[in-house]
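Right, one structure below, let's go through it.
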Amino acid sequence: MANVYKNIQATINQAATDVDMYTSPDATTSVIKTLRLFNTHSGNLVVDISVYDASSTTTFEWDKVTVNTDESENLLTYNNILILEAGDILKMQTPTTDVINMTAAVLQISR
């Protein structure tokens, strides 16, 4: 078993459709320790966050958050974490492209 820490960065690059922001690799469990969004747009934006569960082939709503102009929003607080199994996908969408940036600190545990 190997543990690898990753700093994942992505941008929601499509409007009003789910964008894959992070996919847990094959034979790996991913522990998302921090998840932060930053809005570079001139207006506040609502971001819908969902998780695709590969084992049930179902997408589940996870959170909905408003990110104010030129501000950030932490999605995991108070020692909360998000666990993704192999093939699970963290997805996000917002109505405007290329203005919401995500940074996540992920511990990948491979089998």
Side-chain angles (χ1 to χ4, degrees):
M1 221 184 239
N3 294 338
V4 177
Y5 289 94
K6 296 276 187 171
N7 188 28
I8 307 298
Q9 293 162 333
T11 300
I12 301 176
N13 58 10
Q14 296 179 37
T17 188
D18 280 341
V19 175
D20 296 354
M21 302 297 280
Y22 173 76
T23 302
S24 187
D26 292 339
T28 301
T29 298
S30 296
V31 179
I32 300 177
K33 310 219 11 134
T34 64
L35 188 56
R36 186 177 182 105
L37 303 179
F38 186 80
N39 180 3
T40 62
H41 189 53
S42 59
N44 300 345
L45 290 172
V46 174
V47 179
D48 294 308
I49 302 109
S50 59
V51 174
Y52 172 77
D53 181 358
S55 63
S56 69
T57 63
T58 305
T59 298
F60 295 93
E61 292 180 33
W62 186 72
D63 201 358
K64 180 181 277 198
V65 64
T66 299
V67 185
N68 296 328
T69 302
D70 290 327
E71 291 187 12
S72 61
E73 192 71 34
N74 289 313
L75 301 180
L76 295 171
T77 57
Y78 307 109
N79 293 322
N80 291 322
I81 58 173
L82 178 62
I83 306 291
L84 299 179
E85 298 170 337
D88 290 355
I89 304 168
L90 177 65
K91 299 174 174 253
M92 296 183 189
Q93 73 169 275
T94 196
T96 307
T97 62
D98 298 325
V99 293
I100 296 290
N101 301 313
M102 177 203 78
T103 300
V106 180
L107 170 60
Q108 294 177 338
I109 305 165
S110 61
R111 292 179 236 151

Practice task
State plainly whether one hydrophobic cluster holds both I83 and L107, where clusters connect Ile, Leu, Val, Met, Phe, Trp and Tyr through side-chain heavy atoms under 4.5 angstrom apart.
Solution key: yes

Problem - L76 versus I32, closest heavy-atom pair with distance - result: CD1-O, 3.3 Å

Completion exercise
Rounding to 0.5 Å, atoms CD1 (I89) and CE (M21) come to a distance of 12.5 Å

Exercise for the section: Please indicate whether D26 has more than 12 foreign heavy atoms, meaning atoms of other residues, nucleotides or ligands, lying under 6.0 Å from its CG. Expected result: no

Practice task
Using a 4.5 Å cut-off on heavy atoms from C-beta on, say whether the side chain of K64 contacts that of D48.
Solution key: yes

Completion exercise
side chain to side chain donor-acceptor pair (under 3.5 Å) pairs touching residues 14-25, sequence neighbours excluded, are D18-Q93, D20-K91, Y22-S30, Y22-Q108, S24-S30

Practice task
Supply the atom-to-atom distance T28 OG1 to D88 CG, rounded to the nearest 0.5 angstrom.
Solution key: 11.5 Å

Exercise for the section: Taking T40 for its side chain and V99 for its backbone only, find out whether a donor-acceptor pair lies under 3.5 Å. Expected result: yes

Problem - Nearest non-hydrogen partners of S56 and F60, listed with the distance - result: OG-CE1, 3.8 Å

Exercise for the section: Evaluate the side-chain proximity of N74 to T34: yes if any heavy-atom separation is below 4.5 Å, no if none is. Expected result: no

Exercise for the section: Mind checking the CG-CG spacing from L82 to L35? Nearest 0.5 Å is all I need. Expected result: 7.5 Å

Problem - Main-chain N/O of I109 paired with N3 side-chain donor or acceptor, under 3.5 Å - result: no

Exercise for the section: Examine the side chains of T69 and N39 and answer whether a donor and an acceptor come within less than 3.5 Å of each other. Expected result: no

Exercise for the section: Quick one: do I100 and M102 satisfy side-chain contact (heavy atoms from CB on, under 4.5 Å)? Show the steps, please. Expected result: CA-CA 7 Å; I100 296 290; M102 177 203 78; 5.9 Å; no

Practice task
Tell me whether F38 is reachable from I49 by hopping between hydrophobic residues (I, L, V, M, F, W, Y) whose side-chain heavy atoms are closer than 4.5 Å.
Solution key: no

Problem - Neighbour count above 12 (heavy atom, 6.0 Å) for Q9 CD - result: yes

Problem - side-chain contact (heavy atoms from CB on, under 4.5 Å) evaluation trace for V67 with L45 - result: CA-CA 5 Å; V67 185; L45 290 172; 5.5 Å; no

Practice task
Output the distance between atom CD1 (I12) and atom CG (L37), rounded to the nearest 0.5 Å.
Solution key: 6.5 Å

Exercise for the section: Starting from the C-alpha separation in whole Å, work towards a yes-or-no answer on side-chain contact (heavy atoms from CB on, under 4.5 Å) for N44 and E71. Expected result: CA-CA 9 Å; N44 300 345; E71 291 187 12; over 6 Å; no

Practice task
Identify whether M92 and I8 are in the same connected component of the hydrophobic contact network (ILVMFWY, side-chain heavy atoms under 4.5 Å).
Solution key: yes

Practice task
Could you check if a side-chain atom of V51 sits within less than 4.5 angstrom of a side-chain atom of L90, using non-hydrogen atoms only?
Solution key: yes

Handout entry: Spacing of T29 atom OG1 and R111 atom CZ [to the nearest 0.5 Å]
Key = 5.0 Å

Handout entry: Test salt bridge (charged side-chain N to carboxylate O under 4.0 Å, His left out) applied to D98 - qualifying residues, sequence neighbours left out
Key = none

Exercise for the section: Without swapping roles, check the side chain of T94 against the backbone of V46 for a donor-acceptor pair under 3.5 Å. Expected result: yes

Practice task
Output the distance between atom NZ (K33) and atom CG (N79), rounded to the nearest 0.5 Å.
Solution key: 8.5 Å

Problem - Flag if over 12 foreign heavy atoms under 6.0 Å of OH, Y5 - result: no

